Number of protein chains: 2
Amino acid sequence: MISESSKRRISESTIHRLSLYYRLLSVLEKESKETVSSKELAEREKLTPAQVRKDLSFFGSFGTRGLGYPVSELKRRIGEILGLDRQWSVALIGVGNIGSALVGYKEFQRQGFNIKLIFDNDQRKIGSNHKGIVVADIKNLEKELRENKIEIVVIAVPATVAQYIVDDVVKAGIKAILNFAPVNLKVPEDVFLRNENMSMELEYLSFALVNLFNGRGTNR
Amino acid sequence: MISESSKRRISESTIHRLSLYYRLLSVLEKESKETVSSKELAEREKLTPAQVRKDLSFFGSFGTRGLGYPVSELKRRIGEILGLDRQWSVALIGVGNIGSALVGYKEFQRQGFNIKLIFDNDQRKIGSNHKGIVVADIKNLEKELRENKIEIVVIAVPATVAQYIVDDVVKAGIKAILNFAPVNLKVPEDVFLRNENMSMELEYLSFALVNLFNGRGTNR
DNA sequence: TTATATTTGTGAATCAATTCACATTCATTA
DNA sequence: TAATGAATGTGAATTGATTCACAAATATAA
């Protein structure tokens, strides 16, 4: 897979759809379904069968003609591609509204994203316990990130301080950052930064209600 | 604008970028910047100037040749397009981890999304106060949604019950739903449904770390 | 064992989004 | 007031993503 993906350039949309397939396959696996066709996957995700097959074909051929894809096996393979076949050490910075929610978000753990450290700068929060993790002082950020071999950092601090925090996170050698603060962050070329913009979809709904209401909705 | 957008089909990406421009223009406005060029907007959002101009051109011509775009005016116009020039009545269903975070999320209010009602089915939560809003019993969902003229519903309940809730929400005549539950929901054609998949970006990071690490990161 | 029905995997074709490139417009300066 | 420079707005060109359509492979039924 690794060589495949460096050969061709895989689009962001394809990766996002792999996430969808992975989640759906987990459901099908629970339902003890043995095989599934691109047609069925497509119907359940509101895509075309060709789209599903094309997405998968970038990474190999996982199906059996005349039969479809083996549910468990395909789930396992997509898990491999997405890096969900391993555990990730995650640190969370900022334990306000959103930070607290993320600590308790079961879906992350289930996928192998383990929050190992929590940081904050508020003395009232430092030392407090969140789901078994003691909140550390942001002052020790770099040292702690290194010592605990953190691989992914989640930013959930106010927009005003996010850039300073990220600068320190980058200094600590972190190469993957998920940002919940509503602000554009600058990172070096070799750091992966993704933004979770919680207002964006709400704004899309607002746009849709105001502009697109000629009768029917347009879903993703 | 309304007629423009029904003439041509505006892509989802364009709308998402309008959200980005809007946020950036708010910053520029605070910095008392009078005008801004497509070049500068593009640089700050890691886009091309042509992309910025094309996006805006779908909705009209807001700039002055030789000068650029007037910051406040453009912000106002994009606000209009996105429906952020008005207040929206929002109901939140499910006040667990994520629901609680959303109640306190300032960014929503700032954009005119006002959480007016909160529902839950847990007797321990019903009647409790969240930022001045008393949690209502999910049993009265339909009645309350109608009486309070709710326009947008945010779903933050466990995946297992989300579809049942959504069915009731649709029955209440709601046409716009934002779903945080990690599950594919079915709604009629005339209802706008958007999904906020919190794991997706984390999975993208995971994918990037495993597959794309030939030195440099690829940011959005 | 053969015939028929399915369904994959994938080049080719189509459709959509992005970028190019430039005429046009306006601000500014001499 | 004319000349210069800057930046928009937009068709055309390009690039990228999606869908088509079909040969190949396999399952299943006769």
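Chain naming here is simple, since letters A, B, ... match the order of the sequence lines and numbering starts at 1 in each. Just so we're clear, the structure is a prediction, and the values are computed from it rather than from any experiment.
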Novice: A:Ser199: what forms a side chain to side chain donor-acceptor pair (under 3.5 Å) with it, not counting sequence neighbours?
Specialist: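 A:Ser199: no side chain to side chain donor-acceptor pair (under 3.5 Å) contacts found.
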Novice: Is A:Thr48 close enough to D:dT18 that one of its side-chain N or O atoms is under 4.0 Å from OP1 or OP2 there?
Specialist: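 So the side chain of A:Thr48 is outside the cut-off, no N or O lying under 4.0 Å from OP1 or OP2 of D:dT18.
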Novice: What is the distance from CD1 of A:Ile10 to P of D:dA17, rounded to the nearest Å?
Specialist: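 One finds 10 Å between P of D:dA17 and CD1 of A:Ile10, rounded.
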Novice: Looking at A:Arg53, does any N or O in its side chain come under 4.0 Å of the phosphate oxygens OP1/OP2 on D:dC22?
Specialist: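 Indeed not, no polar side-chain atom of A:Arg53 lies that close.
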Novice: Begin from the C-alpha positions of A:Lys116 and A:Ser89 and carry the test side chain to side chain donor-acceptor pair (under 3.5 Å) through to its verdict.
Specialist: CA-CA 6 Å; A:Lys116 292 279 180 62; A:Ser89 290; 3.0 Å; yes
Novice: Is there a residue in residues 24-38 of chain B whose heavy atoms reach under 4.0 Å of DNA chain D, and which residues are they?
Specialist: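 Nucleic-acid contacts, sorted: B:Ser37, B:Ser38.
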Novice: I'd like to know if the side chain of B:Asn179 pairs up with that of B:Glu196 as donor and acceptor (distance under 3.5 Å, no hydrogens or angles considered).
Specialist: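 B:Glu196 and B:Asn179 do not have a side-chain donor-acceptor pair below 3.5 Å.
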Novice: How long is the line joining CG of A:Leu74 and C1' of C:dT8, in whole Å?
Specialist: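 Distance, rounded to whole Å: 13 Å.
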Novice: A:Phe62 has an atom CZ; how far is it from atom P of C:dT10, in whole Å?
Specialist: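 Answer to the nearest Å: 11 Å.
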Novice: Over how many whole Å does the gap from B:Lys39 atom NZ to C:dC20 atom C1' extend?
Specialist: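 B:Lys39 atom NZ is separated from C:dC20 atom C1' by 17 Å.
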Novice: Does a side-chain N or O from B:Tyr69 land closer than 4.0 Å to OP1 or OP2 of D:dG9, or not?
Specialist: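 Affirmative; the distance criterion is met.
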Novice: Round to a whole Å and report the spacing from CZ of A:Phe59 to P of C:dT10.
Specialist: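 Atom CZ in A:Phe59 sits about 14 Å away from atom P in C:dT10.
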Novice: What's the closest nucleotide to the A:Ser61 side chain, out of C:dG9, D:dA27, D:dC20?
Specialist: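 Nearest nucleotide to the side chain: C:dG9.
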Novice: Would you say the side chains of B:Glu45 and A:Asn184 form a donor-acceptor pair under 3.5 Å?
Specialist: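 Yes - a donor-acceptor pair under 3.5 Å links their side chains.
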Novice: Tell me, please, whether A:Tyr204 has B:Arg194 positioned over its six-membered ring: NZ or CZ under 6.0 Å from the ring centre and within 45 degrees of its axis?
Specialist: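 Judged by the rule (NZ or CZ under 6.0 Å from the ring centre, within 45° of its axis), B:Arg194 counts as positioned above A:Tyr204.
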Novice: How would you label the contact of B:Lys54 with the nucleic acid (heavy atoms, under 4.0 Å): base, sugar-phosphate, or nothing?
Specialist: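 Touches a base.
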Novice: Inspect the contact between B:Lys171 and B:Glu142 and indicate whether a charged nitrogen and a carboxylate oxygen are less than 4.0 angstrom apart.
Specialist: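 So B:Glu142 does not pair with B:Lys171 through a salt bridge.
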Novice: Take B:Gly63 and A:Thr64, find for each the nucleotide of DNA chain D with the closest heavy atom, and name the residue whose nucleotide sits nearer the 5' end.
Specialist: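 This one resolves to B:Gly63.
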Novice: Please give, in whole Å, the distance from D:dA7 P to B:Glu40 CD?
Specialist: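 It is 10 Å, rounded to the nearest whole Å.
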Novice: Relative to the 5' end of DNA chain D, which residue comes earlier, B:Gly66 or A:Gln51, by the nucleotide with the nearest heavy atom?
Specialist: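 Nearer the 5' end of the strand: B:Gly66.
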Novice: Taking the side chain of A:Arg65 as heavy atoms from C-beta outward, which of D:dG9, C:dT7, C:dA27 is closest to it?
Specialist: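 Closest of the options to the side chain of A:Arg65: C:dT7.
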Novice: Classify the angle between the aromatic ring planes of B:Phe108 and B:Phe113 as parallel (below 30°), tilted (30 to 60°) or perpendicular (above 60°).
Specialist: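 Aromatic pair B:Phe108/B:Phe113 classed perpendicular.
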Novice: The side chain of B:Ser13 is closest to which nucleotide in this list: C:dT8, C:dT18, D:dG9?
Specialist: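 Nearest listed nucleotide: C:dT18.
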Novice: To the nearest angstrom, how far is A:Leu67 atom CG from C:dT8 atom P?
Specialist: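 Taking atom P of C:dT8 as the reference, CG of A:Leu67 is at 9 Å.
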Novice: Using a strict 4.0 Å threshold on nitrogen-to-oxygen distance, state whether A:Glu80 and A:Arg76 make a salt bridge.
Specialist: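 Yes, A:Glu80 and A:Arg76 are salt-bridged.
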Novice: Could you tell me how far apart A:Glu12 (CD) and C:dA17 (P) are, to the nearest whole angstrom?
Specialist: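 Interatomic distance, CD of A:Glu12 to P of C:dA17: 15 Å.
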Novice: Of all the nucleotides listed (D:dA27, C:dC26, C:dT10), which has the minimum atom distance to the side chain of A:Ser57?
Specialist: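 Given the options D:dA27, C:dC26, C:dT10, the side chain of A:Ser57 is closest to C:dT10.
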